[in-house]
Amino acid sequence: MHRFTRLFIDLDATTRTSEKLTALENYFRSVPPEDGVWALTLLVGKRPRRAISHTEMRRIASERSGIPLWLIAECHDAAGDLSETLALILPESDRCSLRPLHRVFSEWLTPLRNADEPSRALLLNEAWDELDTRQRLVFHKLISGSFRVGVQRRLVVRALANITALDPAIIEHRLNAPWKPTPDDYRRILSPHEHDSDPAAPYPFFLATPIRPSANDPITDDLRWLEHHLADPSDWLAEWKWDGIRAQLIHRPSLTMLWSRGEEHITDAFPELRALGALLPDNTVLDGEIVAWSDQDRPLPFSDLQRRLNRKQRDLMLFDDIPIRFLAYDLLELEGRDLREAPTADRRARLQNICARLASEQHLGVSPTIDFASWEDLAEQRAASRARAVEGIMLKRKSAPYRSGRARGDWWKWKIDPYTIDAVLIYAQRGSGRRASLFTDYTFALWDNGELVPFTKAYSGLSDAEIREVDDFIRKHTTGRQGPIRMVEPRLVFEIGFEGLRESDRHRAGIALRFPRMLRRRTDKSPDQADTLETLRALLHHSRTD
DNA sequence: AATAAGTGACC
DNA sequence: GTTGTGT
DNA sequence: ACACAACGGTCACTTATT
């Protein structure tokens, strides 16, 4: 526990990649597999679900420290983090626990989850007796299900690659296969032998970058941007950007599996697709999109598809209500040969060959390429995206290999221009972490019969400087409070951008937005010039019919 | 038993 | 998914 | 350019509270 706490503090203390990397390498070099595998689980895998509720933790801490609950709530409000607050208010201890990390799980965390209430209090007190302040902080995060630390998977992979002198891609591939926090699995993941990888694991996905991503790109026009950055249209392959779930379909002898982008095994949700495996040559891996597909031969909304995911009740799989297709767009492996280094155009040709034989399969299709003569031509076709129920266009360099992760340059997404609407800021809430001291979380409203009706929240889109301005306004123009929420004088107007909208009964306005964000402050507009709910309803109606 | 709140997957 | 910041 | 942090909403499911 002391080494892991040290690692946590080190990772938290810096934003420098090199320092994080060193901290990770030192840690993994110094701990035995029993502990290393738990650390690995915490850093790249799933954080433990909570073993005790905040309410109960607060109460037990209050009993031990003698600090009343209301005061703890105040401290929590000021500090912004309950684990930290409780670590600080408990009677100080300078003992430092040497209990190894795996025993923290087996002797504290697991029992805590299964114990009854009095035993939970006993266990917690026992742990507090042994841990120092920093260890308590980490421990609280572990047991309350809020453990998070500032490293992402990639960095951990790099650290392990450095330790083992293996290619990061190999580590990545091994981590993609199912593993459990056991010393054996840990040794396998760190095995210096290159081919100890699991054939059931998906390849790391290649992700596209949005075109014109940086706000300060001097070129503001999409067509100019394409001409400048992608140059010759004939070097590029265009496809529709489907609104579905990215997935790899892996077919091994007597085994077909489907993996999502988050490396989740989702085969069980789509048995129709597992059945496709039998039609493919052994050891074939397809990359593509699972899309809900109407009998009108067009995509259904994403939310329909989502209903097929995470289902426990297998008897109600909605096969007929929500039919699906796998639209393949890449071939990563064929008959055991890894094709990722081959040019995109070649992989495409082979993919079409394989799927041509299966043209009658209703659940399988090749995502068609879009013929286009010029960028202008493609822009015109893109304008039909909403009508086709797709999200825009994908552009892939014909000569490029299949890369891993969000590598820039070869795969681009050119999404449809977002919808926009001008709305009034009416509530605000504090952010968390780096933004704990500022009001960064905003609720927006539209006019409806002379009344402002809240319809969405948005956080992203403002720079720190703009946030400070808005925060200042909120502090000076608060009209009331409800718990952590401040009511704000309805004076600021923002242009809200979003990708789509649908009816929803979770919101008073009856409509929910997809990917809402602030595009800009409308200082030129007064609140009464903001849009109405009627405008939004009209957009909703329009989006269903065009 | 019914409802609310939380979690984790997808986008 | 989107976005802004820091290195 | 990249990694990271802080956020939006849905759905299905689980756990806590009434």
Does a side-chain N or O from [X] land closer than 4.0 Å to OP1 or OP2 of [N], or not?
X      : N     : answer
A/R311 : B/dA9 : no
A/K457 : D/dG8 : yes
A/K415 : C/dT2 : yes
A/H265 : B/dA9 : no
A/S504 : D/dG9 : no
A/R514 : D/dG9 : no

Taking the minimum atom-to-atom distance to the side chain of [X], which one of [options] wins?
X      : options               : value
A/L309 : D/dT17, C/dT3, B/dC10 : B/dC10
A/L155 : D/dC4, C/dT5, B/dA9   : D/dC4
A/Y459 : D/dA6, B/dA9, D/dC13  : D/dA6
A/D441 : D/dC4, B/dC11, D/dC7  : D/dC7
A/Q306 : D/dG8, B/dC10, C/dT2  : B/dC10

#### Entry: Heavy-atom side-chain contact between A/R537 and A/T535 under 4.5 Å
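Heavy-atom side-chain distance check fails, nothing below 4.5 Å.
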### Query
Would you say A/L462 and A/T440 make side-chain contact, with heavy atoms under 4.5 Å?
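Heavy-atom side-chain distance check fails, nothing below 4.5 Å.
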Base, sugar-phosphate, or nothing for [X], non-hydrogen atoms under 4.0 angstrom?
X      : answer
A/R261 : sugar-phosphate
A/L513 : sugar-phosphate
A/T440 : sugar-phosphate
A/G244 : sugar-phosphate

Side-chain H-bond candidate by donor/acceptor type, [X] with [Y], under 3.5 Å:
X      : Y      : result
A/D222 : A/W414 : yes
A/S543 : A/R386 : no
A/W411 : A/T209 : no

### Message
Taking the C1' atom in each of C/dG1 and B/dG8, what is the distance between them to the nearest angstrom?
### Response
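Pairwise C1' distance, C/dG1 against B/dG8, rounds to 15 Å.
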#### Entry: Integer angstrom distance from the C1' of B/dC11 to that of D/dC7
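Looking at atom C1' only, B/dC11 and D/dC7 are 14 Å apart.
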Distance check needed: [N] [atom2] versus [X] [atom1], whole Å only.
X      : N      : atom1 : atom2 : answer
A/Q429 : D/dG8  : CD    : C1'   : 14 Å
A/L438 : D/dC7  : CG    : C1'   : 14 Å
A/R307 : D/dG9  : CZ    : P     : 21 Å
A/K413 : C/dT3  : NZ    : C1'   : 12 Å
A/I496 : D/dC7  : CD1   : C1'   : 13 Å
A/L305 : B/dC10 : CG    : P     : 12 Å
A/R517 : B/dC11 : CZ    : P     : 17 Å
A/L43  : D/dA3  : CG    : C1'   : 15 Å

### Query
Nearest nucleotide by nearest heavy atom, which residue falls closer to the 5' end of DNA chain B, A/N310 or A/W242?
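Looking at DNA chain B, the more 5' nearest nucleotide goes with A/N310.
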#### Entry: Polar side-chain atom of A/R174 near backbone of A/I189 as donor-acceptor pair, under 3.5 Å
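A pair under 3.5 Å: yes.
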### Message
Quick check on DNA chain C: between A/R246 and A/D464, whose nearest nucleotide comes earlier from the 5' end?
### Response
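It is A/R246 whose nearest nucleotide is closer to the 5' end.
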### is_close_aromatic(A/Y419, A/F498), centroid dist under 6.0 Å
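When the ring centroids of A/Y419 and A/F498 are compared, they turn out to be within the sub-6.0 Å range.
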